[in-house]
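Treat the numbers as computed from the prediction; the structure is a model and nothing was measured. Note that ligands are numbered from 1 as they come in the structure, with each ligand's atoms numbered from 1 the same way. Hydrogens, waters and symmetry mates are skipped; everything else that's a heavy atom, side chains included, is used.
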Amino acid sequence: MSAPAKAPTTAGGRETWTSSTGFILAAIGSAVGLGNIWRFPGVAYESGGGAFLIPYLIALLTAGIPILFLDYAIGHRYRGAAPLAFRRLAKRAESLGWFQTALAFVIATYYAAVIAWSCSYFIYSFDLRWGEDTLKFFTGEYLRVGDPEISTSIVSAVALPLVLVWVAVMIVIALGVTKGVQSVNVLFIPMLAIAFTGLVVRAVTLPGAMDGLNALFTPDWSKLADLSVWIAAYSQIFFSLSIAFGIMITYSSYLKRKTNMTSSGLVVAFANSSFEILAGIGVFATLGFMAHQQNVAVGDLEGLTGPILSFVTFPAVINQMPGGNIFGAIFFASLIMAGFTSIISILLGVAASIQEKFGLSQKSSAILVTALCAIPSVLLFSTTSGLLALDTVDQWANNIGIVVSAIAMTVLVVWVFRKSDVLAGHLSAVSTFKVGRIWRFLIGVLAPIFLTVMLVDKVVALVSEGYEGLPQWYINVFGWGTIAFIVLTAVIMAAIPWKGRDDESFVAWPQLEEEDR
Ligand code: PFF
């Protein structure tokens, strides 16, 4: 029997992706997720339709791609998950790494729940188990949604698939970067691309599809004057590209020494946005069909965003479609594949952070961290108050947590620790496409100013208006409590002495700049 092939490593013994294609597929896998399929179409529709593409593109070009490059540069140069990478950048920056890791941890807890719902709905597609009243089925029979409270009654139909999702995540993370994460992506990303393209082709050939596309793409220019539309665009880009969560830092830390990072980044960003637009087309063509069946305008349909769009409106359309079962099964399978390749990126990042801090083995930290994330995930999100908690935590994590993280990262790296020159040099030394003054202006000036204005606006709105009419105590626990948890984790984890490999002896890729000149 031949010995199992060993995973590739760098000279320093750090595991690496086998090729840049492996890395690109994994980075696309992280980026393309539930955010593309269930969030983008609804956000775009509500935020001005075709006109939304303007703030979306501006957010992509001025913040998305530049911060993606920043994540890559930090991870590759300092070769660590976020806490170690920031610690190597400057000792005092370690807590920023933990802030990002904690944010990613929180997101994973509820993201897994949506993948679990998709697993159930994949099976329900075969016999259209949701029946005629899909809203009643989703919130009543399936989720058994109750009042805003801290519920302890677990819904087994959700808990069971959720536990299975966590077991699958644990196995993949324990297998490591190449055998686990890379293999899953190499398999799922092409499958997802084929399955989803098939869905879109079917959707655009349905009667009424064009009305749906008109509803999505007809620009409402007046929305551009609304600051909240810009916030929606920036949040969508951050969430969608998986940036400022420490996750892309971790992914790029597993790159080989010579890797063309800027080109890879452009490929990833382009693939992610293309998938987003494709999902918008697929979803709205399908909604056009529904409106056509009901003889109403697309704008009069209800439930065009978030969980309701995928789990209530879509099943209703599937009911009316010839061959709906297959369409439904492929749709939910796509959600599962897209979501799974994203959640493993998060867990890999969190597990690597703990592994490096405490000097644990890769396997034990994978198992420990996945279990630590799975417990609150099941206890909070498979109860009768799971849907409400999910919506609230998501609102705070994505509109406040991620924006704070991006502001802190850009200001600290550029202005406090003054590393933008070094990082620009690093990126340029390994990449064909050079970054320089424009990049430094975008990450050092434009992005932090824009993001701060947005953050203030959002905080004022949430403080003064509350959220979705929820009671204040609930908002304090699940909304502001989420932010408090992340900040506390950052402070406590950074205060614990570093037990892993001595970072003092670390040398950034030796003489990289000189050698490559
Ligand atoms: N980018 C993923 C999506 O669009 O669904 C979600 C995500 C993955 C967010 C990884 C954050 C992260 F670190």
Pairs under 3.5 Å, N/O atoms on ligand 1 and on the protein: can you put them in a table with the distances?
unit_1: ligand 1; atom_1: 1 (N); unit_2: S30; atom_2: O; d: 3.1
unit_1: ligand 1; atom_1: 1 (N); unit_2: A31; atom_2: O; d: 3.0
unit_1: ligand 1; atom_1: 1 (N); unit_2: F239; atom_2: O; d: 2.7
unit_1: ligand 1; atom_1: 1 (N); unit_2: S240; atom_2: O; d: 3.1
unit_1: ligand 1; atom_1: 1 (N); unit_2: S242; atom_2: OG; d: 3.1
unit_1: ligand 1; atom_1: 4 (O); unit_2: A31; atom_2: O; d: 3.0
unit_1: ligand 1; atom_1: 4 (O); unit_2: N36; atom_2: OD1; d: 3.3
unit_1: ligand 1; atom_1: 5 (O); unit_2: L34; atom_2: N; d: 3.0
unit_1: ligand 1; atom_1: 5 (O); unit_2: G35; atom_2: N; d: 2.8
unit_1: ligand 1; atom_1: 5 (O); unit_2: Y111; atom_2: OH; d: 2.5

Point to revise | Check: W396 ring centre within less than 6.0 Å of F478 ring centre | key: no
Which residues pass the ring-ring contact (aromatic ring centres under 6.0 Å, His included) test with [X], sequence neighbours left out?
| X | answer |
| --- | --- |
| F245 | none |
| Y111 | none |
| Y56 | F40 |

Review point. Does NZ or CZ of R39 come closer than 6.0 Å to the centre of the six-membered ring of F239, within 45° of the ring's axis?
Key: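 Cation-pi check for R39 and F239: passes.
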Check your understanding: Which word best sums up how the rings of W130 and Y121 line up, parallel for under 30°, tilted for 30 to 60°, or perpendicular for over 60°?
Key -> parallel
